[in-house]
Amino acid sequence: MRNKNGASSRSTTEASKSSLVPQEQDCYEGERLARLLKLIQGGIESAKHVDKKSLPEKFWFKQQFAIGVNEVTRALERMLPATEMRGSPQKPACSSIISTNHRRPPPVRIQVILIASDSNPKWLTKHLPSLASSRKIPVIFVRDKKGGSLRLGELVNLKTAIALGIKAKGNSINQIVEEMLCGGDVMNLETECQNLAEMSGALCQ
């Protein structure tokens, strides 16, 4: 009986751990990866055209992305875990009014995380999937012959980037990603990217 009870408790624990793994976890490579990056790049160009603020490109990218393992980790840690978001009680309206002047702005939510599968050493990104899972943030692994980190770096005009977090800013980048996460086939999303580019007056390359 003890062994059976122990086995059942272990199986329950393992099942609860497995439920933390996001179903959206996926690996993009080859032509599928090329099309995904092309779509995101088109969304970037459209967002740049719409955002008329005269920010240097480096700072503009930081507004749209959490760049690198450290920034992605910090952005995720600032977000409440999904269990706390469901279980946290509502604060009285009066207390929120009183503390408005001293309250920190809410953290920017991450829409999806892109991780280069060729990160070396591997432990650099080992914690990200579980951390993202606790926040219900999907994870996409990028694998490429010339290096996933190089491909991710190209998106933000850097030499390499081991991890990128796309911030939920309500722009054309988020629209493209949302279509993909909702089941849209990357092979058929180019039309969507072109429509967004035409609406913003930018070219989707």
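For the single chain, residues carry numbers from 1 onward in sequence order.
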Given 3.5 Å as the limit, does a donor-acceptor pair link the side chain of [X] with the main chain of [Y], or not?
X	Y	result
R151	A34	no
R109	A168	no
T160	L150	no
S172	A47	yes

Residues which pass side chain to side chain donor-acceptor pair (under 3.5 Å) with [X], listed by chain and number, not counting sequence neighbours:
X	value
N70	none
K48	E57
R78	none

Qualifying residues under side-chain contact (heavy atoms from CB on, under 4.5 Å), relative to [X], sequence neighbours excluded:
X	answer
E71	K62, A66, I67, R74
T125	V69, I115, S119, L128, I162
N174	Q111, I166, K169, N171

Where V139 and P129 come nearest, the two heavy atoms and their spacing
CG2-CA, 4.3 Å
Of all heavy-atom pairs linking R32 and C27, the shortest is NH1-O, 3.2 Å
Are [X] and [Y] packed together at the side-chain level, in the sense that at least one heavy-atom pair is separated by less than 4.5 angstrom?
X	Y	result
R135	L131	yes
V72	I110	no
L114	Y28	no

[atom1]-[atom2] distance between [X] and [Y], expressed to the nearest 0.5 angstrom:
X	Y	atom1	atom2	value
L76	S134	CG	OG	7.5 Å
L39	M180	CG	CE	9.0 Å
S149	L124	OG	CG	11.0 Å
I44	N157	CD1	CG	8.0 Å
L155	F65	CG	CZ	6.0 Å
L181	I137	CG	CD1	10.0 Å

Applying salt bridge (Lys or Arg N to Asp or Glu O under 4.0 Å) to D118 and not counting sequence neighbours gives none
What I want to check is whether the side chains of E45 and Q41 have a donor and an acceptor closer together than 3.5 Å.
yes
Just checking K159: does its NZ atom have more than 12 heavy atoms from other residues, nucleotides or ligands closer to it than 6.0 angstrom?
no
